Trainee: 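Before I ask anything, here is the structure I am working with.
Position 1 is the first residue of the sequence, and the numbers go up from there. As the structure is a prediction and not an experimental result, all values here were calculated from the model.
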Amino acid sequence: MPAHRLTAAAGFLTAVLAAFVVLLWNLQITSGAAYYAKSQRSIAQVEAIPAARGRLLDRNGYVLAQDETTWSAVLSENPEEKVIRRLELLCQEEEVPWDGQGPIQDVTPRLLARITEENLSGVTFCPTVQRRGSGTLAPHVLGRVGKMSPEEWDLYKQQGYAMAETVGKDGAEAAFESYLHGTPGQKLLITDREGQIMDETYSIHPQAGQDVTLTLDWTLQTKAEEALASFLDNHPQATGGALVALDVTDGGVLAMVSQPGYDEASFSAHYGQLAQDETHPLMNRAVQGLYAPGSTFKLVTAAAALEEGFLTPETQILDTGRYTYYESPQPQCWLYRQEGKTHGLETVAEAIEDSCNIFFYDAGRRVGIETLGQYARALGLGEKTGIELTGEKAGVVAGPAYTESIGGTWYEGSVLSAAIGQENNRFTPLQLAHMTATLVGNGNRWQVHLLKQAEGEPPREKVSLSKIQLSPHNAAAIKEGMLAVTQTGSLASAFQRLPVQAGAKTGSAQVTGADTSNAVLVCFAPYEDPQIALAIAVEQGGSGAALGTVAAQVIQAYLT
């Protein structure tokens, strides 16, 4: 390389080194004290920014649960006296209680704006996110949120959750946690010793969770809650009950009620009292309560006898008052037991209207317990419905295997009581509604569900669990009997004002040790084009016919 180029390069390097030395001298010697003092006055901290949880909406967009942010104002360690005096005055003017010490809780939007506008020294704001549900309406269905338990942390930490995060504890909040949960963010705050923010930067922006639209109709839910509560108020011997309304066309839950219930907003404060309450308000009776179906099970017996060819819609069976096929047992028809009368010759439709025990004793004996059980399960009884809520009970279909499993003895004549919904038949109100929807919905057994759509995703498609083959002629005979119950039978007065025709079947089931029977009712509407299937069960509610007014009010609300 020529000498003049080496000389130039050496000069350039010398100049760079000189500039670097000057810069270091300025940083460390000339301005070092100032920078050191500034660093001593600055405090850096990482603040977690909670993500908004998605909202729960009803099928029409009504908000059922959502996050609400509240603010508190925090003062620095040694606030100036003039700042405290000014804050006291502002709080007094905005009617926010504060005694001059500690943080200011529940800062209103106006107070927040005024303090921010005046830029008071040493005051910072901390957000608190609270979940606002619907109080006493549908707490079992919507559920609640809370801090993770150690067991939940073992699960959620694998999904990237922070330990302090809030999660769904039960109900829809837990069932749809993966949609509702957002991704928290992080913010780097630089404050001075007085607490004033000098700089803030988002290192991770929070991402809100997805809104979840449920199949619930909130107007219908509200009316169902009111109707069942009114019945319980007027029947003080009743200890609780449940009501379920399903969309016949796809299995969506339109309303689900369990009473007594509780106030979701005060759940934590009253948990001890609720947990010890003998009426079990924490239990979702709609999916966890097991009830003998009583005479509503006669619909299953009718379907099995007709489809298996033991009966036709025109077959007549004579009500003899007492069924004497077996030497023992020889049970009686309810009419003969109460009034010494009989129903005479009856077809299946007439037997459904009159709830004639003799007819269904004979039909059940002909079918046999094994086939009877097969039809019960095909119609959704004794099987979980697939609903997203945890804790659903499968129920019990009566038969030799179950009786022997609990140490009992099954007799040949036990099929008689099983055929009218007694023995060990035990089902949830949800299953009874599912059975009714399947029976009047052309035999389509759709998976029961609460999810209608998650934000940003296509609507949930209906899922078929099975299809039971019911000939139109046989199905029409069963529906005809259910129609007669509401037109000329025991529910005629309750259903007469409905603008459409409906079909129904009532039941009463005696409970060991109880003075009053459980009341059960299933129904559907409209009769010509079934859209809604309903089931109600009330503990010690008496006659199932007493529930007619409740059912009619719910159907009226649905139609309206």
Trainee: Rounded to the nearest 0.5 Å, how far does CD of Q273 lie from OG of S266?
Mentor: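 Here the interatomic distance stands at 9.5 Å.
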Trainee: Measure from the side-chain N and O atoms of S258 to the backbone N and O of M283, and report whether any donor-acceptor pair falls under 3.5 Å.
Mentor: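 Here the side-chain-to-backbone pair exists.
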Trainee: Working to the nearest 0.5 Å, report the span between CG of N518 and CD of E539.
Mentor: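 Those atoms lie 6.5 Å apart.
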Trainee: What I'd like to find out is whether the side chain of I532 reaches to under 4.5 Å of the side chain of D247, using heavy atoms alone.
Mentor: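 Counting from C-beta outward, I532 and D247 never come under 4.5 Å.
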Trainee: Salt bridge or not for R85 and E80, using N-O below 4.0 Å?
Mentor: no
Trainee: How close do L180 and E173 get, heavy atom to heavy atom, and via which atoms?
Mentor: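 Nearest heavy atoms, L180 then E173: CD1-OE1, 3.5 Å.
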Trainee: Given R53, which of E165, Q66, E177 fulfils the side-chain hydrogen bond (donor to acceptor under 3.5 Å, both in side chains) condition?
Mentor: E177
Trainee: Could you name each residue pair satisfying salt bridge (charged side-chain N to carboxylate O under 4.0 Å, His left out) that touches residues 92-103, not counting sequence neighbours?
Mentor: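 Listed once each, the pairs are E93-R114, E94-R110, E94-R114.
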Trainee: For Q92, look at atom CD and say whether over 12 heavy atoms of other residues, nucleotides or ligands are found less than 6.0 Å away.
Mentor: no
Trainee: To the nearest 0.5 Å, what is the distance between OH on Y179 and CD on E455?
Mentor: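 Between Y179 OH and E455 CD, I get 12.0 Å after rounding to 0.5 Å.
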Trainee: Does W446 offer a backbone N or O that forms a donor-acceptor pair with the side chain of H434 under 3.5 Å?
Mentor: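 Pair found, side chain donor or acceptor close to backbone of W446.
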Trainee: Pairs under 3.5 angstrom only: tabulate donor-acceptor contacts from the side chains of residues 550-560 to other protein residues two or more places apart or in another chain.
Mentor:
unit_1	atom_1	unit_2	atom_2	d
Q556	NE2	T560	OG1	3.2
T560	OG1	Q556	O	2.7

Trainee: Might you work through the salt bridge (Lys or Arg N to Asp or Glu O under 4.0 Å) test for E152 and K169, ending with a clear yes or no?
Mentor: CA-CA 9 Å; E152 289 171 327; K169 307 294 283 187; 2.7 Å; yes
Trainee: Got a second to check how far D58's CG is from T219's OG1, nearest 0.5 Å?
Mentor: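 One finds 7.0 Å between CG of D58 and OG1 of T219.
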Trainee: Applying side chain to side chain contact (heavy atoms under 4.5 Å, CB included), run through Q210 and F176 and close with a yes or a no.
Mentor: CA-CA 10 Å; Q210 297 166 263; F176 307 119; over 6 Å; no
Trainee: Is any side-chain N of the basic residue among E264 and R131 closer than 4.0 Å to the acidic one's carboxylate O?
Mentor: no
Trainee: Taking all heavy atoms of A394 and all of Q431, pick out the closest pair and write down the distance.
Mentor: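 Minimum heavy-atom separation between A394 and Q431: O-NE2, 2.6 Å.
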Trainee: On a heavy-atom basis, which atom in H140 and which in P281 lie closest, and how many Å separate them?
Mentor: NE2-O, 2.7 Å
Trainee: Apply side chain to side chain contact (heavy atoms under 4.5 Å, CB included) to L290 and list each qualifying residue two or more places apart in sequence or on a separate chain.
Mentor: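 Result, side chain to side chain contact (heavy atoms under 4.5 Å, CB included) vs L290: K393, R426, T428.
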Trainee: Has Q447 got a side-chain atom pairing as donor or acceptor with G386's backbone, closer than 3.5 angstrom?
Mentor: yes
Trainee: Starting from the C-alpha separation in whole Å, work towards a yes-or-no answer on side chain to side chain contact (heavy atoms under 4.5 Å, CB included) for L534 and T436.
Mentor: CA-CA 8 Å; L534 187 69; T436 307; over 6 Å; no
Trainee: Dump the intermediate steps for ring-ring contact (aromatic ring centres under 6.0 Å, His included) on Y161 and H181, then the final yes or no.
Mentor: CA-CA 10 Å; Y161 282 54; H181 180 74; 3.9 Å; yes
Trainee: Working to the nearest 0.5 angstrom, can you tell me the gap between D250 CG and E461 CD?
Mentor: 11.5 Å
Trainee: Just by distance, do the side chain of K462 and the backbone of T249 share a donor-acceptor pair under 3.5 Å?
Mentor: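 Flag set: sc K462 to bb T249 pair under 3.5 Å.
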Trainee: Suppose we screen for salt bridge (charged side-chain N to carboxylate O under 4.0 Å, His left out). Which residues come up paired with R144, at least two apart in sequence or across chains?
Mentor: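 For R144 the salt bridge (charged side-chain N to carboxylate O under 4.0 Å, His left out) partners, ignoring immediate neighbours, are D170.
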Trainee: Starting from the C-alpha separation in whole Å, work towards a yes-or-no answer on side chain to side chain contact (heavy atoms under 4.5 Å, CB included) for L56 and L216.
Mentor: CA-CA 10 Å; L56 287 174; L216 285 181; over 6 Å; no
Trainee: Which atom pair, heavy atoms only, marks the closest approach of I84 to P79?
Mentor: CD1-CG, 3.9 Å
Trainee: Any chance you could lay out the side chain to side chain contact (heavy atoms under 4.5 Å, CB included) test for H449 and V463, step after step, and finish with the verdict?
Mentor: CA-CA 9 Å; H449 60 280; V463 177; over 6 Å; no
Trainee: Is there any ring-ring contact (aromatic ring centres under 6.0 Å, His included) pair reaching into residues 220-242, and which pairs are they, with sequence neighbours excluded?
Mentor: F231-H235
Trainee: Just by distance, with hydrogens left out, do E225 and Q221 show a side-chain donor and acceptor under 3.5 Å apart?
Mentor: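 E225 vs Q221: donor-acceptor pair found between side chains.
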Trainee: Do F125 and S72 come close enough that some side-chain heavy atom pair is under 4.5 Å?
Mentor: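 Of all side-chain heavy-atom pairs linking S72 with F125, none is under 4.5 Å.
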Trainee: May I ask you to check whether over 12 heavy atoms, not counting those of Y62, lie within 6.0 Å of atom OH?
Mentor: no
Trainee: In residues 132-139, what donor-acceptor pairs under 3.5 Å come from side-chain atoms, sequence neighbours left out?
Mentor:
unit_1	atom_1	unit_2	atom_2	d
R132	NE	E68	OE1	3.1
R132	NH2	Q130	OE1	3.0
S134	OG	L64	O	2.7

Trainee: Indicate the atoms forming the closest heavy-atom contact of N284 with M256, along with that distance.
Mentor: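 Taking N284 first and M256 second, the nearest heavy atoms are ND2-SD, 3.8 Å.
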Trainee: Could you tell me whether the side chain of W98 and the main chain of Q101 form a donor-acceptor pair under 3.5 Å?
Mentor: yes
Trainee: For P429 and A242, which heavy atoms make the closest approach, and how far apart are they?
Mentor: CG-CB, 3.8 Å
Trainee: Identify which one of V244, L430, L451 satisfies the side chain to side chain contact (heavy atoms under 4.5 Å, CB included) criterion when paired with I387.
Mentor: L430
Trainee: Output the distance between atom CD (Q453) and atom CG (L57), rounded to the nearest 0.5 Å.
Mentor: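 Nearest 0.5 Å value for the CD-CG distance: 10.5 Å.
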Trainee: Is D211 paired with R55 through a side-chain N to carboxylate O contact shorter than 4.0 Å?
Mentor: yes
